[in-house]
Amino acid sequence: MSDDTHRFEAVYRATYDQITAYAGRRCDSPQDAADVVAETFVIVWRKIDELPPGAEARLWVYGVARNVLADHRRGALRRQARHRDLDAEMADLYGDPADHSVERSAIAQAFRTLSDDDRELLALVAWEGLDREEIATMLGLSRNAVRIRLHRARRRFSRALDEADVRRALTGTVAPVGRTL
């Protein structure tokens, strides 16, 4: 084994529990904490040449974890803002101005019940304005695979809207999901 591997293993063994506890106390979920810890040690490995010797190594790893946690929080805030914006846009697409807040809430809730992949596909079409070919290129999929996945996502969203009684509450103002998105 190389010296770098030995240095990494030593700092990993010495700090893993501390960094895990640090992240656990600062994250909203155990999954988020695990992501922060994993990313921290990926960065430590990539920057092993910058690892200071001795007791300073532990503090340096804490600094890396702090930066990763800050990035994680910024990412979470960006995702929350995108979800709020997309929820509002979806409500605008399907909302009835007479009772806009009720529909917005119901549509947002129905949208949140979808998987991340379904939400992402629908958002790429509705929010980003991408067509199937652009999405296929972006995701590294065939155009046909995107067409099938998008069809299924629209169908699941339509079912979620039906289950939330959004279509009845809007008294027919909603266009078929497959045609709008």
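For the numbers below, each heavy atom of this structure counts, side chains included, while hydrogens, waters and symmetry mates do not.
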Legend entry - Gap separating the CG atom of Asp118 from the CZ atom of Arg155, nearest 0.5 angstrom: 10.0 Å
Inset, instruction - Please round to the nearest 0.5 Å and tell me the distance separating atom CD1 of Ile19 and atom CZ of Arg66. - result: 12.5 Å
Legend entry - Stepwise side-chain contact (heavy atoms from CB on, under 4.5 Å) check, Arg149 with Ile135: CA-CA 11 Å; Arg149 290 180 185 188; Ile135 294 170; over 6 Å; no
Inset, instruction - Answer with yes or no whether the hydrophobic clustering places Val37 together with Val42; edges join I, L, V, M, F, W, Y residues whose side-chain heavy atoms lie under 4.5 Å apart. - result: no
Inset, instruction - Quick one: do Asp4 and Asp49 satisfy side-chain contact (heavy atoms from CB on, under 4.5 Å)? Show the steps, please. - result: CA-CA 8 Å; Asp4 287 348; Asp49 292 339; 3.8 Å; yes
Legend entry - Close side-chain approach of Arg7 and Val11, heavy atoms under 4.5 Å: no
Legend entry - Shortest non-hydrogen contact between Ala106 and Ala164, atoms and distance: O-CB, 4.4 Å
Inset, instruction - Return the minimal non-hydrogen interatomic distance between Val146 and Arg132, and the atom names on each side. - result: CG1-O, 3.9 Å
Inset, instruction - May I ask you to say whether Asp162 pairs ionically with Arg159, meaning some side-chain N is under 4.0 Å from a carboxylate O? - result: no
Legend entry - Sidechain-backbone polar pair: Glu134 side chain, Asp131 backbone, donor-acceptor under 3.5 Å: yes
Legend entry - From CZ (Arg13) to CZ (Phe8), nearest 0.5 Å: 10.5 Å
Inset, instruction - Working to the nearest 0.5 Å, report the span between NE2 of His72 and CG of Asn67. - result: 14.5 Å
Legend entry - Pairwise side-chain contact, Phe41 with Thr15, heavy-atom cut-off 4.5 Å (strictly under): yes
Inset, instruction - Test Phe157 against Leu114 for side-chain contact (heavy atoms from CB on, under 4.5 Å), laying out the working first. - result: CA-CA 7 Å; Phe157 187 44; Leu114 300 175; 3.6 Å; yes
Inset, instruction - Specify the closest pair of heavy atoms between Gln18 and Tyr62, including all atoms of both residues, with the distance to one decimal. - result: CB-OH, 3.3 Å
Inset, instruction - Start with the C-alpha distance between Trp45 and Thr5, add both sets of side-chain angles, then the distance that settles side-chain contact (heavy atoms from CB on, under 4.5 Å), and finish with yes or no. - result: CA-CA 8 Å; Trp45 173 250; Thr5 304; 3.8 Å; yes
Inset, instruction - Give a yes or no on this: more than 12 heavy atoms of other residues, nucleotides or ligands lie within 6.0 Å of atom CD of Glu133. - result: no
Inset, instruction - Would you kindly confirm whether Met138 and Leu122 end up in one hydrophobic cluster when ILVMFWY residues are joined by side chain heavy atoms under 4.5 Å apart? - result: yes
Inset, instruction - Establish whether Tyr16 and Ile48 are linked, either directly or via other cluster members, by ILVMFWY side-chain heavy-atom contacts under 4.5 Å. - result: yes
Inset, instruction - Find out if a path of hydrophobic residues (ILVMFWY) with successive side-chain heavy-atom gaps under 4.5 Å connects Leu139 to Ile148. - result: no
Legend entry - Exercise: identify the closest heavy-atom pair between Ala57 and Pro52: CB-O, 3.3 Å
Inset, instruction - Look at the side-chain heavy atoms of Ile, Leu, Val, Met, Phe, Trp and Tyr, link any pair under 4.5 Å apart, and say whether Leu59 and Val64 land in one connected group. - result: no
Inset, instruction - Flag yes if more than 12 heavy atoms outside Asn144 fall under 6.0 Å of its CG atom; otherwise flag no. - result: yes
Inset, instruction - Give, for atom CD1 of Ile107 and atom CD of Gln109, the distance between the pair rounded to the nearest 0.5 Å. - result: 12.0 Å
Inset, instruction - Taking all heavy atoms of Ala65 and all of Thr40, pick out the closest pair and write down the distance. - result: CA-OG1, 3.4 Å
Legend entry - Atom pair NE2/CZ of His151 and Arg147 - distance to nearest 0.5 Å: 8.5 Å
